[in-house]
J.: 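Got a structure here, written out as structure tokens. Questions coming.
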Amino acid sequence: MQQITAFDKYGEQLAELVQWDKDITLYVEDHAIDKAYKVHFCNQKSSDAMVVPSEYSNGRLSVLIPNDLLTEASPITGYIHIEKDSEHRSLYCFKILIRKRPKPANYIYSDEKNYLTFEKVLEEAKHYAKTAQSYTLGNTTLRPGESVDNAFYYYQQAQKHAEEADKSETNALTYAQNAKRSHSEAAGSATAAAKSATAAAQSAVNALESANTAGTKALEADQSVTAAESFAHGRTGTRENEETDNAKFYNQSAKNNSDTAKLHLEQVEQAGSNALSALKDALDMDRPHFQVDLSSGHLMYEGGRFQFQVNTEGHLEWGLTI
């Protein structure tokens, strides 16, 4: 373990402090300290080290010395806990002497903890867990309108549309069969042919609308709930991949998935509406017109989308151009 020199905010070496000092920030820097690592503080009376989050700026790590330790006339030892390349090691150590003096009459003690306690971690874990549940399932009273603004609700809506799409696909097949029947009857008379053309075009509209609706799926959201600091927001170095395996991360993931599912649902409805409008516009076509040529006795046809021809057996055959 390497001894490292601590400095105060003025750049002077911080070798000693006086008992009852408060809110002292120290600074350290070294080539291996490249981000904000946690610092563990203790003295001779400590049964557990106080773990304090740090800040990192302009190549220097800064951390606030726990005021609890400054109330005791015992040297303070600090360990910088480096987490790098899958290793978690206390690579640096510094010591600060505490000069004893009587407690000042105007000293005001604050019980606000600037280090991480189990109660604080647990409270934070519960908050992130509840927020994750709100965006995933709702039923937390944490957000207004969360009962219809969560990933599970949008998943149910997407599933409902998928079921409607299956039903529409069945209806489309029925429309297509009806259209085929209508086209067969159209060969008998011009009036029946015109009706069959209208029915066939409407069947095509319904079939395409069903096909567009049937292709829509929604994303499912993951529910992730954890407890304690590591499972609340990571940054403890106790588990692999904890920066992406914690309640806060799952909370953000659930929210993003919820927004994505909602967006896909709106896109499905808009795409179906656009497709239906486009096909209905296509229905404005030329209608077929039949007349008898009195000079020759022939049945003449123009317009529409029917094609007629006489086969080698003398039968009249017809077809429909879509």
J.: Sub-3.5 Å donor-acceptor pair from the side chain of Glu146 to the main-chain atoms of Thr140, do we have one?
T.: yes
J.: Quick check for you: to the nearest 0.5 Å, what is the distance between Ile96 atom CD1 and Leu70 atom CG?
T.: 8.0 Å
J.: Please round to the nearest 0.5 Å and tell me the distance separating atom OG of Ser74 and atom NZ of Lys45.
T.: 4.5 Å
J.: Less than 4.5 Å apart, any side-chain heavy atom of Arg60 and any of Asn58?
T.: no
J.: Minimum heavy-atom separation for Ala247 to Ala132, with atom names?
T.: O-CB, 4.4 Å
J.: Please identify which of these residues, Lys100, Arg99, Lys95, meets the salt bridge (Lys or Arg N to Asp or Glu O under 4.0 Å) condition with Glu16.
T.: Arg99
J.: Same cluster for Phe7 and Ile80 if Ile/Leu/Val/Met/Phe/Trp/Tyr side chains link at under 4.5 Å?
T.: no
J.: Of all heavy-atom pairs between Gly59 and Glu29, which one has the smallest distance, and what is that distance?
T.: O-CB, 3.4 Å
J.: Minimum heavy-atom separation for Phe41 and Leu64, please, with both atom names.
T.: CE1-O, 4.1 Å
J.: Under 3.5 Å, is there a donor-acceptor pair between the side chain of Arg101 and the main chain of Val18?
T.: no
J.: Should the pair His81 and His88 be assigned to parallel (<30°), tilted (30 to 60°) or perpendicular (>60°) ring geometry?
T.: parallel
J.: For the CG atom of Asn256 and the CG atom of Leu263, what is their distance to the nearest 0.5 Å?
T.: 12.0 Å
J.: Say whether Ile98 and Ile24 are linked into one hydrophobic cluster, either directly or through other cluster members, by side-chain heavy-atom distances under 4.5 angstrom.
T.: yes
J.: So, taking the atom named CD in Glu317 and the one named CG in Asn311, what distance separates them when rounded to the nearest 0.5 Å?
T.: 4.0 Å
J.: Would Tyr27 and Asp8 count as a side-chain contact (heavy atoms from CB on, under 4.5 Å) here? Give the steps.
T.: CA-CA 6 Å; Tyr27 300 82; Asp8 61 19; 5.7 Å; no
J.: Does the side chain of Ile76 reach to within under 4.5 Å of the side chain of Leu17, using non-hydrogen atoms?
T.: no
J.: Do Val63 and Val28 belong together in a cluster built from hydrophobic side chains that touch within less than 4.5 Å?
T.: yes
J.: Could you check whether atom CD of Glu240 has more than 12 heavy atoms from other residues, nucleotides or ligands sitting under 6.0 Å from it?
T.: no
J.: Is there a donor-acceptor contact under 3.5 Å linking the side chains of Asp245 and Tyr250?
T.: yes
J.: Out of curiosity, Glu269 CD to His161 NE2, how far, rounded to the nearest 0.5 Å?
T.: 4.5 Å
J.: Tell me whether Asp85 contacts the main-chain N or O of Glu87 through its side chain, where contact means a donor paired with an acceptor under 3.5 Å.
T.: no
J.: Calculate, to the nearest 0.5 Å, the distance between atoms CG and NZ belonging to Asp259 and Lys255 respectively.
T.: 6.5 Å
J.: I'd like to know if the side chain of Asn150 reaches the main chain of Tyr153, judged simply by a donor and an acceptor atom lying under 3.5 Å from each other, with no hydrogens or angles considered.
T.: yes
J.: Go through the steps for Ser253 and Thr244 under the test side-chain contact (heavy atoms from CB on, under 4.5 Å), then give the verdict.
T.: CA-CA 10 Å; Ser253 297; Thr244 57; over 6 Å; no
J.: Are more than 12 heavy atoms from other residues, nucleotides or ligands located less than 6.0 Å from atom CZ of Arg89?
T.: no
J.: Flag the pair Tyr154 / Asp149 as yes when at least one side-chain heavy-atom distance between them is below 4.5 Å, and no otherwise.
T.: yes
J.: Which atom names give the shortest non-hydrogen contact between Asp30 and Ile4, and what distance separates them?
T.: CB-CD1, 4.1 Å
J.: Does a side-chain heavy-atom distance below 4.5 Å link Tyr79 with Met1?
T.: yes
J.: Hydrophobic clusters here meaning ILVMFWY residues chained together by side-chain heavy-atom distances under 4.5 Å, can you tell me if Tyr56 and Ile65 are in one?
T.: yes
J.: Check the side chains of Ser230 and Glu242 for a donor-acceptor pair under 3.5 angstrom, ignoring hydrogens and angles.
T.: yes
J.: If I compare all heavy atoms of Ser46 with all of Leu69, which pair ends up nearest, and what's the gap?
T.: OG-CD2, 4.0 Å
J.: Taking Leu91 as the starting point, is it possible to reach Val39 by hopping between hydrophobic residues whose side chains are less than 4.5 Å apart?
T.: yes
J.: Would you tell me whether Thr174 and Asn171 have side-chain atoms, one donor and one acceptor, within less than 3.5 Å of each other?
T.: no
J.: Which heavy atom of Lys84 sits nearest a heavy atom of Ala32, and at what distance?
T.: NZ-O, 3.2 Å
J.: Indicate yes or no for a side-chain donor-acceptor contact from Asn246 to the backbone of Glu243 under 3.5 Å, with no hydrogens or angles considered.
T.: yes
